[in-house]
Amino acid sequence: MFSLTGMSQPEGYTKVSDIDMLKHKLALQAEETNSIESNFIQEKHLWMLEEVLISEGRFLFQKENNVRWQYDTPVEYLILIHNGKFSIVSNGKVNEFDIESNPMFRQINNMIVAAIRGDFMSNNDFESQFFEDPSSYLSVLIPKINAVSSMLSSIEIYFGKDDMQVNRVIFKEPGDDMTIISFIDKKINSDIPEKEFVLDK
């Protein structure tokens, strides 16, 4: 299994010296963040293709773990996490999974929520290191669960020092494939109707 031990330092970043301070800042921000509304741009880099695949859409999060990933272009695609259910809508076809009875989707849910809420530092399912530059922090997470590490070699989470909110997440797969998600036009603690997280049947 890939380990962070001896991992090279990201260019332009230095290792965070006061981890307790960072934990306190993230815990405080997670406690104060009840909802997030944001547009996003997703870049899919595949080693077999020179062209980067770009998708755009809308992201919603509401405590405790309601999530909506709505892809609008180039194709419509929807992922909902609500009341322990993981739903995917693609080409008019709906697939629903029970998160607790499905270890794979439980881990995916945990990764998504932990990254967005900023409470990943206490998650024992990941090995982690933390870095900083003048304007941002970077957390590099290595999944310990075999079902997850077979799909993802690492997760990089970038968040701003000014607001401690996640600006970018990079999912790196075994090999050279990776997905970069950048969050833009964020609104924190806006009033999001619960119906946004409920599958419209």
Side-chain angles (χ1 to χ4, degrees), residues 29-30 33-99 102 104-120 136 138-139 141 148 151-152 154-160 162-173 175-201:
Q29 183 58 45
T33 301
N34 296 310
S35 69
I36 300 172
E37 184 175 358
S38 176
N39 295 325
F40 70 86
I41 299 174
Q42 176 179 295
E43 305 171 33
K44 183 71 175 178
H45 297 255
L46 301 173
W47 70 269
M48 65 182 67
L49 296 176
E50 291 186 9
E51 180 184 5
V52 178
L53 306 177
I54 305 293
S55 302
E56 296 184 23
R58 180 169 170 250
F59 170 83
L60 301 175
F61 164 78
Q62 186 182 68
K63 257 183 186 177
E64 286 294 324
N65 61 351
N66 293 325
V67 174
R68 179 186 182 101
W69 289 98
Q70 177 181 312
Y71 289 81
D72 297 324
T73 62
V75 296
E76 294 184 357
Y77 188 86
L78 179 63
I79 299 173
L80 291 175
I81 300 173
H82 179 66
N83 286 344
K85 297 291 184 181
F86 193 108
S87 304
I88 299 174
V89 183
S90 177
N91 295 323
K93 184 179 180 181
V94 177
N95 289 300
E96 292 185 273
F97 307 87
D98 185 276
I99 292 173
N102 189 310
M104 178 69 70
F105 283 98
R106 183 169 64 247
Q107 289 302 323
I108 292 173
N109 175 68
N110 290 344
M111 284 189 294
I112 292 173
V113 174
I116 299 306
R117 289 184 57 181
D119 58 3
F120 47 81
S136 64
L138 163 61
S139 173
L141 309 178
V148 180
M151 298 187 308
L152 291 171
S154 69
I155 306 170
E156 297 179 4
I157 305 172
Y158 296 78
F159 42 103
D162 56 343
D163 59 5
M164 299 303 292
Q165 291 291 338
V166 175
N167 296 322
R168 183 170 50 148
V169 180
I170 302 178
F171 297 95
K172 293 187 175 180
E173 302 173 27
D176 295 325
D177 294 351
M178 66 177 174
T179 300
I180 303 173
I181 302 176
S182 301
F183 297 94
I184 55 177
D185 303 324
K186 292 193 298 292
K187 297 178 182 178
I188 307 302
N189 292 336
S190 59
D191 186 15
I192 303 175
E194 187 175 1
K195 67 179 182 180
E196 293 279 15
F197 306 98
V198 178
L199 191 61
D200 184 6
K201 298 182 180 180

Arg168 meets the salt bridge (Lys or Arg N to Asp or Glu O under 4.0 Å) criterion, sequence neighbours left out, with none
Check: Can you tell me if Ser38 uses its side chain to pair, donor with acceptor, with the backbone of Ile184 under 3.5 Å?
Finding: yes
Inset, instruction - Decide yes or no for Asn167 and Lys186: does some side-chain heavy atom of the first lie under 4.5 Å from some side-chain heavy atom of the second? - result: yes
dist Ser35:OG -> Gln62:CD (nearest 0.5 Å) comes out at 6.5 Å
Taking the side chain as every heavy atom from C-beta outward, state whether Val67 and Ile79 have any atom pair closer than 4.5 Å. no
d(Ile188 CD1, Asp163 CG) to nearest 0.5 Å is 7.0 Å
*Are side-chain heavy atoms of Phe183 and Val169 found at a separation under 4.5 Å?*
yes
Minimal heavy-atom distance between Gln29 and Met164, with the atoms involved, is CG-O, 3.6 Å
Closest non-hydrogen contact found for Tyr77 with Ile88 is OH-CG2, 3.2 Å
To the nearest 0.5 Å, atom CD1 of Ile81 lies from atom CG of Leu60 at 12.0 Å
Is it true that, when you exclude Asp176 itself, more than 12 heavy atoms of the residues, nucleotides or ligands shown sit nearer than 6.0 Å to its CG? no
Glu56 meets the salt bridge (Lys or Arg N to Asp or Glu O under 4.0 Å) criterion, sequence neighbours left out, with none
On a heavy-atom basis, the closest approach of Glu196 and Arg68 is O-NH1, 2.5 Å
With Ile181 as partner, the option from Gln42, Glu43, Lys44 fulfilling side-chain contact (heavy atoms from CB on, under 4.5 Å) is Gln42
Check: Is the shortest heavy-atom distance from the side chain of Tyr158 to the side chain of Ile170 under 4.5 Å?
Finding: yes
| query | Can you find a pair of side-chain heavy atoms, one from Leu199 and one from Lys85, that are under 4.5 Å apart? | reply | no
_Contact between His82 and Leu80 at the side-chain level, heavy atoms closer than 4.5 Å - yes or no?_
no
Exceeds 12 heavy-atom contacts within 6.0 angstrom, atom CG of Asn91: no
Q.
Between Arg58 and Glu37, is there a side-chain heavy-atom distance shorter than 4.5 Å?
A. yes
On a heavy-atom basis, the closest approach of Ala30 and Lys63 is O-NZ, 3.1 Å
Does Asn189 reach the main-chain N or O of Asn34 with its side chain, forming a donor-acceptor pair under 3.5 Å? yes
Open item on the list: Can you see whether Gln70 engages Asp72 through a side-chain donor-acceptor pair at a distance of less than 3.5 angstrom?
Closed with: yes
*asked:* Ring-plane angle category for Phe40 and Tyr71, please: parallel below 30°, perpendicular beyond 60°, tilted otherwise.
replied: perpendicular
The reported gap from NZ in Lys172 to CG in Leu141 (rounded to nearest 0.5 angstrom) is 12.5 Å
One should read off an interatomic distance between Trp69 CH2 and Leu78 CG, to the nearest 0.5 angstrom, of 12.0 Å
